[in-house]
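The structure under discussion appears below in the form of structure tokens.
The basis for the numbers below is simple: all heavy atoms, side chains too, and nothing from hydrogens, waters or symmetry mates.
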Amino acid sequence: MDSSASPTSQARARTGNPWRRLPKLARRWLPLSLLIFSVFYGVAALSLSPSISSVDPRHGLAAVPPDADLIHIRTEFSLQSLDQALSAPQPSVTPWTSTPEDYTGIGYLNQPATFRFALENTSAEPVKKLLVVSAPFLDRIRPAMVTPEARVERLPVMGDRHAFQHRYFELPQWIWPVTLNPGTSTFLFEVENSGPTLLPLSVHKPEDILGHTAFTLAWKAFIGGLLAFALLFNISIVVMLRRPGLAWLSVFMVGVMHSQLVMDGFGLWFLWPGWPQINNLLSVSLPLCLIALCQFTPHFLSIPRHTTSVLHSFSVAAFVILIAAPLGLPFPGQGTLLVLATLTGLFILAVVSRQLQRHVYARYYGLAILVILSGATTSSLRTVGWVPVNDLTDSAFFLGAAIASLILTSGVGRRLLEERKRRLHSDVRARQEEQLRSRIEQDYDRLLKTHRVTGKPNRAMLEESLDTLNAEATPYTLCIVRLTRFNEIEQALGYRTAEELLKTYLRRLNSFLKRSFSDRLVMINGFALASIDTVNHAFAFHRSDDSAGDRQMLEDVVAWLGRNFREGRFAFSWSPSVGAAHAPEHGPDAAGLLSSAGFASLNGDCTLCEYDPSIAEWQYRQQIQMLDVEDALANGHMWLEYQPKVHIREGRVNSVEALIRWQHPEFGRVPPNHWIPLAEQVGMIHPVTLWVINRACGDHRRLAAHHGSTVAIAVNISAKDLAHPHFDREVLDITQRHGMTPGDLILEITETAMMADPEASGVMIHTLSNLGFRIALDDFGTGHSSLGTLARFDLDELKIDRSFLKDILDHPTRQRIFRAALELGEALDLDMVVEGVETQAVAAWLQQFPGLHGQGFYWGRPQRLTADPSPHPETPS
């Protein structure tokens, strides 16, 4: 019941319940079933044993002061019957014991006791009075009056075994009208009871008895009404929360209400006058109250499993008393019930005290147990005569149990409010989730139809719109606008700014297309433009018979796209390119047409390009080649060929250059310049470079055996390799694994690649040079580097491009340029290598330059090592 209770502790409490093994329906109706069983069982047992008297759960009563007009001498008692007291030869010497001052309770007895007291009428006239005993639960009272003249008058005997018509007034009290003659009258009252033996007697004037009784009934009825309201409220909560366990509180309240009705005599007087056995059901209702309290605890508090087991043990003990009490067995009796109830209350109070700081409902329960124990203690003290007898102490247990029931009901009510708040919150959450779900569905539907960034129809909507067209009947043209610089602009300005600028640009383009093509435009979900991705966007229009006019309209679109885009302080060009494909010539469906237009937009030679199948075939070959690069490295479709670098004057080979070759199974021999630039663009070049270095280092031993131990191997690297943060460590690990020194490896990089990012390239080149690797600048003379920039790099070798040797023997100007290039290399203290030496005449002319090295077909073409022991080269890790 505690809102802060963990599900695990609640599960443990449920698991520890022995009733858990009962079927679900039986557990749900267990409180009501036990109540009905107890009533019918008690009535049946008491009907078979009519001599069994009722059991009083209250623990004592004290005397009520007599009328102030009379002199109350004192109250005494004797453990004998009324007949024995009256038949004594000398009543004055009969052993009488004085009750404690102002009290008449003498505890629990197993035999009758006779009380004696005297009233003195000091007037000269007889006085009429009413003797009132406010304890109708007593089994039997036999009174007698000894007049001042020593005459014995028997008063009507009252009790559960005698008819109620003996009462003077039909009220839930025992009343005897008496006439007091002048002088002292002595009264003897024999009390027989299975509970506390006492005589709560008071003397009233006849005209005052109704007012006194009415007041007592009024406040007790008020308390009973509150209890009845709490009972109905609790039942309604059980129904609303669907928590059968809370019904134990209702069983407890029914038992308390029945107990007080019996103790006040209200039941026998008004509710069940023909069934006196109902009064004797106190022996059943009180143990039932204890069972209900024990069973209610685990449903109201979060308690451990072993604590729940102890409470169930108390319930079993109370159930045994419930079964035995109506049978009149000597044990267990009401004393056992009293001890068991006290132990149970103290145990629950100890359990509750440990949770007071953590759980608010423990405070409710602790206060309720304290009130019950207070009422029970007051009744006990009254029984032994330590507190006075009055209406309050007479109903102390009832008041405590009733107040406790109200406290627990308020706790259950608080739980109802929290549950209603929780359910209201759940309803609000459910509505919010429903709204969120609806919004998500709308967003999902929007995402299915629109591009996430631009908000324009996406590719799926574009294809759906194009598939509805009959290209045979109404031919149309599909154009893809490729914004080449979008990624560059995004990196420079940030993706948020770039996306906002893109949205603005596309809104303007959408409006321009509507104005330009009017009703010839193919509308895509209400837009003239669709977004395939952030870079590529498409539109379509119906073709006319005037192809020149259609071409002019496309030229107008290209002209509009070519203007600089201006928005706020930004002004730049998106560098757009337009690819056009015609339906049905260039594609059987929308997907095919999109592919064709996409191929056309990739042509960087012109801004407007119509689809050409030959270009598409070339692009297809490139795509397939990029997909097959890694497979070719692993399966031996790529290999290395080596071309020597020769000292021109001496004719010795100082190094060889490793050149990669590829035999594609579908396209045949693929030249390096057809696929290496694309591999650099798509990021595939770095693993290729590592494969080449690893393969070349693996061949070094055989190359050294053929050309000498000092031979070095030159390997081409790209700007992507220099940008890799761990390239130096990767190359060093490969050389060390093959037993080479860094000086045995020459890393060649082109002038253009080196100048792509001079700062980053300079840092990596410097690191590699410090590790001992030799750095060569390849194809010198074809790039755009300045002499100052070139001097910053840690270079060891300069390779002059083959273009310097073209017709060099016939052109003195070219010879002077060549000499200037050599002088530059000498000024930078670099080894000079000239490429493209193919004839003997050129080689002879070059011998005039000391220290010059040459490379070309004159000394040898690139060749693969013979008897290659590794047809499937190892890929470096």
Side-chain angles (χ1 to χ4, degrees), residues 451 453-454 456-459 462-463 466 476-493 498-499 501-513 516-517 521-522 524 527-541 543 547 550-567 570-583 585-587 590-623 626 677-678 680-682:
H451 189 266
V453 175
T454 65
K456 296 295 186 292
N458 56 18
R459 177 171 183 154
L462 173 63
E463 292 184 4
L466 295 180
Y476 65 91
T477 298
L478 175 65
C479 299
I480 290 184
V481 180
R482 179 178 176 83
L483 305 180
T484 310
R485 292 191 63 201
F486 174 79
N487 293 330
E488 175 187 340
I489 294 171
E490 185 180 39
Q491 293 177 359
L493 303 181
E499 288 177 357
L501 294 175
L502 177 62
K503 292 178 184 178
T504 303
Y505 184 69
L506 294 180
R507 281 197 297 270
R508 296 177 184 176
L509 178 58
N510 189 78
S511 300
F512 173 78
L513 293 174
S516 300
F517 292 94
L521 195 66
V522 176
I524 309 163
F527 292 88
L529 196 66
S531 293
I532 299 174
D533 51 44
T534 52
V535 175
N536 298 284
H537 311 275
F539 67 93
F541 64 92
R543 297 205 307 269
S547 57
D550 293 344
R551 179 73 182 184
Q552 183 58 46
M553 295 180 67
L554 287 176
E555 294 289 349
D556 293 341
V557 173
V558 171
W560 187 92
L561 293 172
R563 300 172 189 169
N564 278 353
F565 171 69
R566 297 180 181 275
E567 176 65 20
F570 297 105
F572 57 84
S573 171
W574 295 95
S575 296
S577 62
V578 180
H582 306 301
E585 302 95 296
H586 295 155
L593 202 64
L594 275 171
S595 179
S596 300
F599 275 125
S601 68
L602 294 175
N603 189 357
D605 298 336
C606 56
T607 305
L608 176 61
C609 180
E610 293 188 8
Y611 174 72
D612 185 345
S614 62
I615 296 178
E617 176 63 22
W618 175 77
Q619 290 176 339
Y620 169 76
R621 288 171 59 107
Q622 284 195 316
Q623 289 179 352
M626 289 302 98
L678 184 60
E680 290 182 334
Q681 293 179 14
V682 299

CD1 of Ile480 to CD1 of Ile532: how many Å apart, nearest 0.5 Å? 4.0 Å

I need the Leu509 CG to His537 NE2 distance, nearest 0.5 Å. 8.5 Å

Spacing of Leu462 atom CG and His451 atom NE2 [to the nearest 0.5 Å]: 12.5 Å

Might you point out which heavy atoms bring Ala581 and Ser596 nearest each other, and give the distance in Å? CB-CB, 3.9 Å

Intermediate values then yes/no, side chain to side chain contact (heavy atoms under 4.5 Å, CB included), Phe512 and Val557: CA-CA 8 Å; Phe512 173 78; Val557 173; 3.9 Å; yes

Is the side chain of Arg485 donor-acceptor paired with the backbone N or O of Ser573 at a distance under 3.5 Å, no angle test? yes

Shortest non-hydrogen separation from Glu499 to Val453 and the atoms involved: CG-CG1, 3.5 Å

Scanning both residues in full, the closest heavy-atom pair of Ala580 with Ala600 reads N-CB, 4.0 Å

Euclidean distance, Leu561 CG relative to Thr607 OG1, rounded to 0.5 Å: 9.0 Å

Do Arg459 and Glu463 sit within salt-bridge range, that is, some charged N less than 4.0 Å from a carboxylate O? yes

Check the pair Arg508, Thr504 against side chain to side chain contact (heavy atoms under 4.5 Å, CB included), reporting the backbone distance first and the verdict last. CA-CA 6 Å; Arg508 296 177 184 176; Thr504 303; 3.7 Å; yes

Angle between ring planes, Tyr505 versus Trp574, binned at 30° and 60°: parallel, tilted or perpendicular? tilted

Taking 4.0 angstrom as the limit, do Arg507 and Glu567 come out as a salt bridge? no

Would you name the heavy atoms of Thr454 and Leu506 that are closest together and state the gap between them? CG2-CD1, 3.4 Å

Can you spot which of Leu501, Val535, Asp533 makes a side chain to side chain contact (heavy atoms under 4.5 Å, CB included) with Phe486? Val535

Looking only at side-chain N and O atoms, does Asp556 offer a donor or acceptor that is under 3.5 Å from a partner on Gln552? yes

Could you measure the distance from the OH atom of Tyr476 to the CG atom of Asp550? Nearest 0.5 Å is fine. 15.0 Å

For Cys609 and Cys606, the nearest pair of non-hydrogen atoms, with its separation, is CB-SG, 3.7 Å

Whether the side chain of Thr477 engages the backbone of Phe541 through a donor-acceptor N/O pair (distance < 3.5 Å, no angle test) should be reported. no

Identify whether the distance between the nearest side-chain nitrogen and carboxylate oxygen of Glu610 and Arg551 falls below 4.0 Å. yes

N/O donor-acceptor pair under 3.5 Å between Ser575 side chain and Thr484 backbone: no

From Leu593 atom CG to Leu478 atom CG, the distance as rounded to the nearest 0.5 Å: 5.0 Å

Determine whether a donor-acceptor pair (N or O, by modelled atom type, separation under 3.5 Å) exists between the side chain of Ser595 and the backbone of Ala591. no

Within the side chain of Ser516, is there an N or O that forms a donor-acceptor pair under 3.5 Å with the backbone of Leu513? no

